[in-house]
Structure formats: C-alpha cells, structure tokens
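Every heavy atom of this structure was used, including side-chain atoms; hydrogens, water molecules and symmetry mates were not. Below, chain A is the first sequence line, B the second, and so on; all start at residue 1. These figures come from a predicted structure and were not determined experimentally.
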2 protein chains.
Amino acid sequence: MSDLNVDFLENKLREAGLRPTRQRLALAHLLFSGDDRHVTAEQLHFEVSELGEHVSLATVYNTLHQFRNAGLLRELAIESSKTYFDTNTSNHNHYFLEADGKLWDIPSDSIAIEGLPQPPEGMRIAHVDVMVRLVKDDKSGQSD
Amino acid sequence: MSDLNVDFLENKLREAGLRPTRQRLALAHLLFSGDDRHVTAEQLHFEVSELGEHVSLATVYNTLHQFRNAGLLRELAIESSKTYFDTNTSNHNHYFLEADGKLWDIPSDSIAIEGLPQPPEGMRIAHVDVMVRLVKDDKSGQSD
DNA sequence: ATTTGTGCAAATCGTTTGCATCTGA
DNA sequence: TCAGATGCAAACGATTTGCACAAAT
C-alpha cells in the first residue's frame with residue numbers, strides 16, 4: 001500500500017468523519033483501492049488477516065456499519081442470515097446466483113423501472129433495489 | 001375453520017405432495033384462507049398458538065420451507081437475519097419500511113422493468129425482485 | 001407396517017454487546 | 001488529556017439438526 005494510497009484513504013475517512021486508524025485503513029484499503037466489490041464481514045476479516053494485519057471480527061462488523069452509515073457502503077440483504085456490503089453506493093442492480101451465493105452488478109445501467117407509483121403519504125423512496133435471481137439452466141431453483 | 005375450508009386446504013397440500021397433518025393444516029389455514037400476506041416464522045408461530053393449536057417452532061420453520069419448496073410460498077430476504085415468506089408467489093414488487101420492519105406489496109402491477117440484459121451464459125432468470133425501500137419523510141434512513 | 005412428520009433440546013452461525021484497555025488528535 | 005476505537009469473550013437471536021416418538025397412508 002503506497003503512501004499516496006494511504007493519503008487518499010486517510011482523506012476519505014476524515015471526510016466521512018472517521019479517524020483513520022490502522023484497522024480502518026486496512027479495511028478501507030481492501031474495499032476502496034480497486035474496482036467496486038461486494039463483501040461479507042467474514043470475507044473481509046479473512047482478507048485482512050491474509051495481509052498480516054490483525055483486526056478483530058467485531059471491529060470488522062463495527063467498521064462496515066460505520067462505513068455504511070457514512071455512505072461509503074450500501075448494505076444488501078439477499079439471503080437470510082448473510083449480509084453483503086457493496087462499495088458501489090449508487091442506485092444500480094444486481095444478479096444473484098443462489099446456488100453459489102454469488103453476487104455481482106448487472107453490467108451497464110440499461111435497466112429502467114417504469115410506472116413506479118407515488119410512495120404512501122409521509123414517506124419517500126430511499127432506494128430501489130432490483131435483484132435478478134439466476135439459476136443454472138438445468139435446474140429448478142428450489143432446494144431445502 | 002369450516003369443513004369446506006379444510007377440504008380446500010387438504011387438497012392444496014395433497015396436490016403439493018404434502019400429507020395434510022394437523023400442523024400443516026393449521027399453518028395453511030393462517031396462510032392461505034384470506035388475502036395474500038407476508039409472515040415470519042416467529043409471527044406464524046405466535047398466531048397458531050393464539051388459535052389454541054400447538055405447533056412447535058421447529059415445525060413452523062420446516063413447514064414454511066416445505067411450502068416454499070412446493071411453490072406455495074416465496075421466500076424474501078430483506079433485512080439481515082429475518083426471513084419473510086410471501087403467499088403471493090407471482091413476480092410482483094414490494095415496499096419495505098425499514099424503521100418498522102414493515103413489508104407490503106406495491107399496489108397494482110404498474111411497474112415494468114425495461115432493458116433487462118441477457119443473463120450470463122448457462123443461466124436463466126428465476127425471478128426479478130424489485131424492492132422499494134421507503135423512509136419516513138423527515139429522516140435520513142441511516143442508523144446503526 | 002412402513003413411511004413421513006413432529007417435538008424437544010441442543011447445536012450452529014452470523015452478528016452484537018459490555019467492558020477493560022489502547023490510540024489518535 | 002480524553003473522546004473515540006478496539007479486542008475479547010460472552011451474549012444473542014434466528015434458524016437448523018439429531019433423534020425418539022407419533023401420525024398418516
């Protein structure tokens with residue numbers, strides 16, 4: 001991780017109102033240095049260990065939520081009992097392949113939603129999620 | 001629960017390849033006798049107890065999964081660590097109000113999705129979920 | 001009689017929390 | 001200095017599982 005990258009990440013955290021601690025920098029590095037990505041807490045905890053940095057799992061959870069609250073991540077609930085965090089916080093769309101637990105963006109933002117009704121009184125739309133659930137061609141898509 | 005209704009539910013279960021047991025009939029009664037609805041296992045367990053029927057929580061979970069596998073229910077993952085089951089199994093759309101954990105159908109099927117790309121090689125689209133996340137007008141929608 | 005379903009309690013797994021200790025500004 | 005952050009282990013809550021017993025065909 002170059003000094004330039006550290007500076008970039010430090011700024012990013014400071015702008016979000018978060019102190020640039022060793023742990024947050026390590027996690028931010030994994031999340032924000034390359035292309036957009038989708039991670040779970042468990043995955044990220046594994047990756048940060050691989051880098052030789054020690055960050056406790058509880059801190060990974062805390063940090064993911066702090067990043068989400070700061071608008072740096074979007075939280076996605078796709079399967080019960082596993083949360084994904086998406087580094088792309090804009091309104092975009094996803095493919096999900098249940099069999100493999102794999103999640104990825106739908107390439108190109110060709111999707112448009114027509115005829116979205118007025119939200120109920122006193123509420124506004126925070127986000128529209130379009131999730132396209134895929135199955136492998138030869139299967140029914142049902143399982144226990 | 002009238003005899004007619006019992007017959008209807010018994011047939012429904014038999015057609016799904018499930019033996020019409022006391023527990024399944026009680027749960028099916030709650031799920032399929034009125035309008036379409038969204039329930040969690042916990043909710044349904046509470047409701048069935050209120051009717052004076054004893055069905056263990058594990059059986060509620062088992063039964064919900066059996067119903068889902070039989071195509072009688074659709075499973076929806078909306079928030080991490082709470083699964084909703086929808087008695088309407090057709091491709092339709094939902095509002096979700098996170099603050100209250102409330103879920104409901106978007107009235108009228110006015111929504112159309114334009115420009116859905118070809119799914120990746122070897123896969124087909126099983127289902128498209130559109131989830132419109134609402135927040136109360138005076139809030140940011142972010143919380144810990 | 002044989003297969004299938006159910007109840008119970010214990011186990012699992014992701015996630016959160018309480019609290020003592022440490023760190024960044 | 002001292003508010004804020006972290007680590008650890010224990011707590012939690014939803015869900016699943018193993019197995020003995022009961023019910024359906």
Side-chain angles (χ1 to χ4, degrees), chain A residues 6-7 9-28 38-46 48-49 52-70 72-73 75-85 98 101 103 143-144, chain B residues 6-7 9-28 38-46 48-49 52-70 72-73 75-85 98 101 103 143-144:
Chain A
V6 171
D7 287 349
L9 294 171
E10 277 206 23
N11 284 336
K12 190 166 179 117
L13 293 180
R14 278 190 219 285
E15 278 164 26
L18 297 168
R19 290 184 180 175
T21 65
R22 177 180 63 79
Q23 292 88 336
R24 286 180 183 154
L25 284 169
L27 297 175
H38 309 96
V39 296
T40 64
E42 195 186 22
Q43 263 170 49
L44 198 59
H45 183 244
F46 175 76
V48 81
S49 312
E53 296 281 336
H54 176 83
V55 182
S56 77
L57 183 57
T59 297
V60 172
Y61 275 107
N62 287 338
T63 303
L64 285 170
H65 289 153
Q66 290 153 0
F67 286 4
R68 176 205 54 191
N69 290 346
L72 303 178
L73 296 173
E75 186 173 353
L76 299 175
I78 296 146
E79 317 180 274
S80 44
S81 85
K82 195 140 219 173
T83 305
Y84 291 75
F85 290 88
E98 191 175 17
L103 176 71
S143 74
D144 255 322
Chain B
V6 171
D7 287 348
L9 293 171
E10 277 206 22
N11 284 336
K12 188 166 180 119
L13 293 179
R14 278 190 217 282
E15 277 163 26
L18 298 168
R19 290 183 181 176
T21 65
R22 177 181 64 76
Q23 293 89 335
R24 287 180 182 154
L25 284 169
L27 297 175
H38 309 97
V39 296
T40 64
E42 195 185 21
Q43 264 171 47
L44 198 60
H45 183 243
F46 175 76
V48 81
S49 312
E53 296 282 336
H54 175 84
V55 181
S56 77
L57 183 56
T59 297
V60 172
Y61 276 106
N62 287 336
T63 304
L64 285 170
H65 290 153
Q66 291 154 0
F67 286 4
R68 177 206 54 191
N69 291 344
L72 303 177
L73 295 174
E75 185 173 354
L76 299 174
I78 296 146
E79 318 179 275
S80 43
S81 85
K82 197 142 218 172
T83 305
Y84 291 74
F85 289 87
E98 190 175 16
L103 176 71
S143 72
D144 256 322

Quickly work out the [X] [atom1] to [N] [atom2] distance and round it to whole Å.
X: Leu25(B); N: dA23(D); atom1: CG; atom2: P; result: 15 Å
X: Phe85(A); N: dG14(C); atom1: CZ; atom2: P; result: 14 Å
X: Leu57(B); N: dA10(C); atom1: CG; atom2: P; result: 15 Å
X: Asn62(A); N: dC8(D); atom1: CG; atom2: P; result: 14 Å
X: Tyr84(B); N: dA14(D); atom1: OH; atom2: P; result: 11 Å
X: Gln66(B); N: dG5(C); atom1: CD; atom2: P; result: 6 Å
X: Leu64(A); N: dT15(C); atom1: CG; atom2: P; result: 9 Å
X: Arg24(A); N: dG7(D); atom1: CZ; atom2: P; result: 11 Å

Item to check | Full working for side-chain contact (heavy atoms from CB on, under 4.5 Å) between Asn69(A) and Gln66(A) | outcome: CA-CA 5 Å; Asn69(A) 290 346; Gln66(A) 290 153 0; 5.7 Å; no
Would you say [X] reaches [N]'s phosphate, i.e. side-chain N/O to OP1/OP2 under 4.0 Å?
X: Tyr61(A); N: dT16(C); value: no
X: Arg19(A); N: dA25(C); value: no
X: Gln23(B); N: dG7(C); value: yes
X: His54(A); N: dT6(D); value: no
X: Thr59(A); N: dT6(D); value: no

Item to check | Whether Arg19(A) side chain and Arg24(A) backbone form a donor-acceptor pair below 3.5 Å | outcome: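 No, because the side chain of Arg19(A) does not come within donor-acceptor range (under 3.5 Å) of the backbone of Arg24(A).
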Checklist entry - Is a donor on one side and an acceptor on the other found under 3.5 Å between the side chain of His45(A) and the backbone of Val55(A)? => result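 Flag set: sc His45(A) to bb Val55(A) pair under 3.5 Å.
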Can you figure out which of [options] approaches the side chain of [X] most closely?
X: Ser56(A); options: dC8(C), dT4(C), dC8(D); result: dC8(D)
X: Thr21(B); options: dG5(C), dA25(C), dT15(C); result: dG5(C)
X: His65(A); options: dT16(C), dC8(D), dG7(C); result: dT16(C)
X: Thr83(B); options: dT4(C), dT15(D), dT23(C); result: dT15(D)

Checklist entry - So do the side chains of Val6(A) and Glu10(A) get within less than 4.5 Å of each other, counting heavy atoms only? => result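 Sidechains of Glu10(A) and Val6(A): in contact.
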Checklist entry - Below 3.5 Å, does any donor atom in the side chain of Arg22(A) face an acceptor in the base of dT23(C), or the other way round? => result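 Check fails, no donor-acceptor contact within cut-off.
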Checklist entry - Closer to the 5' end of DNA chain C via nearest nucleotide, is it Thr40(A) or Arg14(A)? => result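 By nearest-heavy-atom nucleotide position, the 5'-most residue is Thr40(A).
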Next on the checklist: Just verifying a value: how many Å separate Leu25(B) CG and Lys12(B) NZ, rounded to the nearest 0.5 Å?
Outcome noted: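 Between atom CG of Leu25(B) and atom NZ of Lys12(B) there are 12.5 Å.
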